[in-house]
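Each chain gets a letter, A, B and so on, in the order its sequence line appears, and its residues count up from 1.
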Amino acid sequence: MEKFKLQVAERLAPLMQKTPQEVRALMEAPPNPAWGDIAIPCFFLAKVLRKAPPAIADELAAKAELPGLASKVEAMGGYLNVTLDSILVAKDILSGILETGASYAYTNAGADKGIVIDFSSPNIAKPFGIGHLRTTVIGNSLSRIFKELGYNVVRVNHLGDWGTQFGKLIVAYQLFANGDPLIYDPIGTLYRIYVEYHKEAEARPELEDEARAWFKRLEDGDAEAKRYWNLFVEVSLKDYKRVYDLLDIEFDAYMGESFYEPLLNPTVQEIEDKGLTQVSDGAVIVDLEPYGMPPCLLRKTDGSTLYATRDLAAALYRERTYRPEQMLYVVGQEQTLHFKQVKQVLELMQEPAGEKLVHVSFGLFRFPEGRMSTRRGKTIFLEDVLNKSIEMAAEIINQKNPELDDREQVARQVGVGAIVFGDLKNGRIKDVAFDWEEILNFDGETGPYVQYTHARACSVLRKAGGSVANLSNESVLTDEFALPLIKLLGEFPQVIERAALQYEPSVLSRYVLDVAQGFNRFYHNCRIIGQEVSVMQARLALVKGTQQILERSMYLLGIAAPEKM
RNA sequence: GCGCCUGUAGCUCAGUGGAUAGAGCAACUGCCUUCUAAGCAGUGGGCCGCAGGUUCAAUUCCUGCCAGGCGCGCCA
């Protein structure tokens, strides 16, 4: 579609005394598809030409010559509306998709450019809660989208494997675990003692000091502390791996906070050497008052480091190791200030990492009665949600398609797809109210709806057997059901670009819903198999094209595309 | 108190400086002897939070206010 818009802009530009780029930028979609494919408002010309917009549009319509490109150019209330030649459009878009197949949207825009994406990053010894779903699926989808644009993507899981909570955990383990080797349900146990610790600490504040002391020992390399730490990390990772397997997500690097431990002192030193630090109440800080922010703390009074120190070290490490064009942090919006501070400090250091750092923030998962909290034991395990959804998918399969092969696998794909798509459907910035009924809904704008549509398309292609999807008779595809679908398919590359530019997978999930809806309308109204050969072939070509776009879109969103369900 | 984010149909959410603001869910109603009814089609439902301002044109941009969320030095 973009190609045609550019051609129209090229030809209209001289008439409007604008550059083709300017004309392209003016184009909009008419509110009613019957009015055309492209609308150009003429209001802005009124002042220059000293004429009423409708008169200008009339004149342009009379002068515009777009033979072989547009079938209709007309003025309507101050707009110049252009209807593209439908056979040309249908032929061009569909043959383009069928030729390039899965790589229709692939560009080399990102060739030789790297991008580091930090996402998921669960906290060791804490359950993989529903709250981690967002960063995990958004990060995964963005990774795939940027790869589609040719970027060299590095997926980093920045595990929360360091910090004072390990001191608390050691104390909790000694008090409440009775020497449990953490073989059976390790995270469940760690979670339980962590909650118990916080309850106990309310009555006995001295536990907090004990915890701090243990963390200090850990930082100083104490063997006993390290032994506990290793145990906690090991058993936690095993649990997380199960969730990542369900979601079909992999990382290029597990580099937790502990990885940056040796880099912390040099990092603080570097910042001090640049004369950016001050000592305030015994702590080392970077004053950010001139930038309207609270100071960034690098060292506590006791000399130990903080979250910001580790993120600064990590950013410098990533910059120097990967030389990326961008560094994304897919982290909740409650950390906006933190990342603004880190970015500001990097900029004060005149490090390129500063401008490369992008905080891809998102809203929280919330219960109707308030926010979730691991400490108070108020959370929902992601694995439970996924399993419940899979169970439900299995039930629906038993009821609707009991003959299906690989029922277990399909139930897994659909159940997980429902959860993942449900999270990617909405703009990432909004808070999400957790609601079992909604998250387990498989009707309407959902993952299963998209998967079902894809399976339907596959089914038609299967049943068509040897019949070739051939495009000799494009005029079949210019009806009110096929043509809008084709035009939509033609938007795919721009949709991917926009999703990347905005770091927003929901751009793609919304699009794929439109494609699914378009296809279902077409499917319902236009019979494919059993039609006259040229008609069937043309329609099969559209089914094939749709199937490819759906499959690719689902891949980019991180959901499976079963061929039967 | 200060800062950031959000406010659109009963609910969950799209959307755009411009022509009649759109989906899904829920409710009601049609459509399976024809390619998967996890579908398609129809009906009802809206001071686009409130008040100003910029503009030929504001739900969209700016300011103020209201409501909700999040954050604000030794947690991450």
Would you mind classifying the nucleic acid contact of [X] as base, sugar-phosphate or nothing, using non-hydrogen atoms under 4.0 angstrom?
X	result
Ala46(A)	nothing
Gly160(A)	nothing
Arg510(A)	sugar-phosphate
Glu257(A)	sugar-phosphate
Gln399(A)	nothing
Pro295(A)	base

* To do: Can you label the angle between the Phe519(A) ring and the Tyr523(A) ring as parallel, tilted or perpendicular, going by 30° and 60°?
  => tilted

* Would you indicate, yes or no, if G24(B) has its OP1 or OP2 atom less than 4.0 angstrom from a side-chain nitrogen or oxygen of Gln517(A)? => yes

* Asked: For Ser459(A) and U36(B), is the shortest distance between a side-chain N/O and OP1 or OP2 below 4.0 Å?
  -> yes

* Asked: Do Thr301(A) and C74(B) share a donor-acceptor pair, side chain to base, under 3.5 Å?
  -> yes

* Structure fact -> Closest non-hydrogen atoms of Asp443(A) and Thr446(A), given as atom of the first, atom of the second and distance, are O-CG2, 3.1 Å

* **For C28(B), the Watson-Crick or wobble counterpart (both distances under 3.5 Å)** => G42(B)

* Any donor-acceptor N or O pair under 3.5 Å, side chains Asn520(A), Thr453(A) -> yes

* Choose from G39(B), A14(B), A76(B) the nucleotide whose nearest atom is closest to any side-chain atom of Asn520(A). => G39(B)

